[in-house]
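Working notes for the structure below.
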Amino acid sequence: QVQLVGSGGGLVQAGGSLRLTCAASGIVFSINTMGWYRQAPGKQRELVAGITSSGVTNYADAVKGRFTISRDNAKNTVNLQMNSLKPEDTAVYYCAADRFSLARFVTYPGYWGQGTQVTVSS
C-alpha cells in the first residue's frame, strides 16, 4: 500500500502564492506518477497537475503558467508551487499517485491522500 500526506494549504489573498507538499510512504517503489487534484464546493474533483518519475508533466489549462509541479524521487515527495492565485483556485487539494502512466493518472489515480484546504480571498 501507499500512503500520501499532503500539507501546505492555507488562506491567501488573490495574487499571492502557496506551496503544497505531498510525501509518499509505504510501497513507494511502485509509484510512477504523482500529483494533485482539487475539488471546489459543489463541483467535481478535477486534475490540477501530475508528474511522472522521469519528469513528464501535465497541467490543467486553468493553472498553466501559474502553477509548477516538481518532484524529488529520492525523498518521495511532490510539490506544487502556486503563484498568482485567484479566488477560483479555492478548493480542497488532494495529493494523488498511481503506479502506471500519466494517462491513467489524469483519469483516476489509484492512491489518494487527505485533502488540504486552499482559500484565496478577493
Side-chain angles (χ1 to χ4, degrees):
Q1 278 289 9
V2 173
Q3 294 78 45
L4 303 171
V5 178
S7 61
L11 172 64
V12 66
Q13 289 189 329
S17 299
L18 282 173
R19 183 178 178 88
L20 303 183
T21 296
C22 176
S25 62
I27 310 176
V28 295
F29 68 85
S30 66
I31 296 175
N32 179 43
T33 309
M34 297 182 71
W36 297 88
Y37 276 69
R38 69 185 180 186
Q39 187 167 19
K43 295 187 176 182
Q44 289 188 331
R45 193 172 296 188
E46 62 179 6
L47 172 73
V48 177
I51 184 168
T52 68
S53 57
S54 60
V56 177
T57 59
N58 183 296
Y59 292 93
D61 288 342
V63 307
K64 284 180 181 177
R66 300 187 298 122
F67 291 11
T68 301
I69 191 168
S70 61
R71 181 169 174 172
D72 187 329
N73 290 325
K75 296 181 179 179
N76 299 310
T77 58
V78 62
N79 300 301
L80 185 69
Q81 179 65 42
M82 305 185 293
N83 298 328
S84 302
L85 282 161
K86 305 175 180 180
E88 51 263 43
D89 294 317
T90 295
V92 177
Y93 283 68
Y94 295 90
C95 179
D98 197 85
R99 295 187 294 160
F100 301 110
S101 65
L102 191 56
R104 169 163 153 152
F105 179 85
V106 303
T107 302
Y108 195 84
Y111 304 106
W112 294 91
Q114 92 288 4
T116 184
Q117 178 70 46
V118 171
T119 302
V120 184
S121 63
S122 57

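Note that the numbering runs from 1 along the sequence shown for the chain. Atoms considered below: every heavy atom in the structure, side chains included; atoms not considered: hydrogens, waters and symmetry mates.
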Please list, chain by chain and in numerical order, all residues satisfying side chain to side chain donor-acceptor pair (under 3.5 Å) with [X], sequence neighbours excluded.
X	value
Thr52	Ser54
Thr21	Asn79
Thr119	Gln117
Asn83	Ser17, Gln81

Can you see which heavy atom on [X] is nearest to which on [Y], and at what distance?
X	Y	answer
Leu18	Leu85	N-CD1, 3.8 Å
Ser122	Ala14	CA-CB, 4.3 Å
Gly9	Val118	CA-CG2, 4.1 Å

With no hydrogens and no angle check, is any side-chain donor or acceptor of [X] less than 3.5 Å from a backbone partner on [Y]?
X	Y	result
Thr90	Val120	yes
Tyr93	Gly8	no
Gln114	Val5	no
Arg104	Asp98	no

- Side chain proximity check, Thr33 to Pro109, heavy atoms < 4.5 angstrom: no
- Query: Looking at side-chain heavy atoms only, is the closest gap between Met34 and Tyr111 below 4.5 Å?
  - Reply: no
- Interatomic spacing from CZ in Phe100 to OG1 in Thr107 - rounded to 0.5 Å: 13.0 Å
- For the atom pair CD1 (Ile51) and CG (Asn73), what is the distance rounded to the nearest 0.5 Å? 8.0 Å
- Item | ring-ring contact (aromatic ring centres under 6.0 Å, His included) contacts in which one or both residues fall within residues 60-80, not counting sequence neighbours | none
- Message: Going by salt bridge (Lys or Arg N to Asp or Glu O under 4.0 Å), name the pairs with one or both residues in residues 15-41, residues two or more places apart or in two chains.
- Response: Arg38-Glu46, Arg38-Asp89
- Item | Pairs meeting criterion salt bridge (Lys or Arg N to Asp or Glu O under 4.0 Å) with involvement of residues 52-65, two or more places apart | Asp61-Lys64
- What residues form a side-chain contact (heavy atoms from CB on, under 4.5 Å) with Gln13, not counting sequence neighbours? Ser121
To which residues is [X] joined in a hydrophobic cluster, defined by side-chain heavy-atom contacts under 4.5 Å among Ile, Leu, Val, Met, Phe, Trp and Tyr, whether direct or through other members?
X	result
Ile27	Phe29
Leu11	none
Leu102	Tyr37, Leu47, Val56, Val92, Tyr94, Phe105, Val106, Tyr108, Trp112

- Taking only residues two or more places apart in sequence, or in another chain, which ones meet Lys43 in a salt bridge (Lys or Arg N to Asp or Glu O under 4.0 Å)? none
